[in-house]
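Notes follow the structure.
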Amino acid sequence: MKNAIKFSTLLLVTAAFASCKSNQETTESNKGKRADVAQMFANMDSNKDGKISAIEAKGKLRENFRKRDRNNDGYITRDELGRKK
């Protein structure tokens, strides 16, 4: 019986540790993605007006420009670039 309790405790501690590790990796990954989005925005915003026009957009963003331009003003802002649908 004591062995079963020890084993259960060990199992719970291991599961908790694995969950914390996974959350930490996800958080670090999200930070990297935000940095990548910010860098991509800065690279495309050639006139540094804080928004990307259809002419400035490149690659997939140019292909999906109308979908990402939520308010249909002809520009993609950082907020529009950072969120999908």
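Worth saying up front: this structure is predicted, and the values here are computed from it rather than measured.
Open room surrounds OH on Y75; 12 or fewer heavy atoms of other groups in view lie less than 6.0 Å from it.
The backbone N or O of G50 sits less than 3.5 Å from a side-chain atom of D45, completing a donor-acceptor pair. Remark: side-chain polar atoms of E80 are not paired, donor with acceptor, to backbone N or O of K51 under 3.5 angstrom.
To the nearest 0.5 angstrom, I55 atom CD1 is 9.5 Å from F65 atom CZ. Going from atom CD1 of I76 over to atom CZ of R66 covers 12.0 Å, rounded to the nearest 0.5 Å. Between the OG1 atom of T77 and the CG atom of D69 there is a distance of 8.5 Å, given to the nearest 0.5 Å.
With sequence neighbours excluded, no residue satisfies side-chain hydrogen bond (donor to acceptor under 3.5 Å, both in side chains) with N64. In terms of the side chain to side chain contact (heavy atoms under 4.5 Å, CB included) criterion, N72 has no residue partners (sequence neighbours excluded). Among residues two or more places apart in sequence or in another chain, the side chain to side chain contact (heavy atoms under 4.5 Å, CB included) test is passed with S46 by E56. Residues satisfying the salt bridge (Lys or Arg N to Asp or Glu O under 4.0 Å) test with K60, not counting sequence neighbours, are E63.
Looking at L61 and L81, their side chains come closer than 4.5 Å, going by heavy atoms from C-beta outward.
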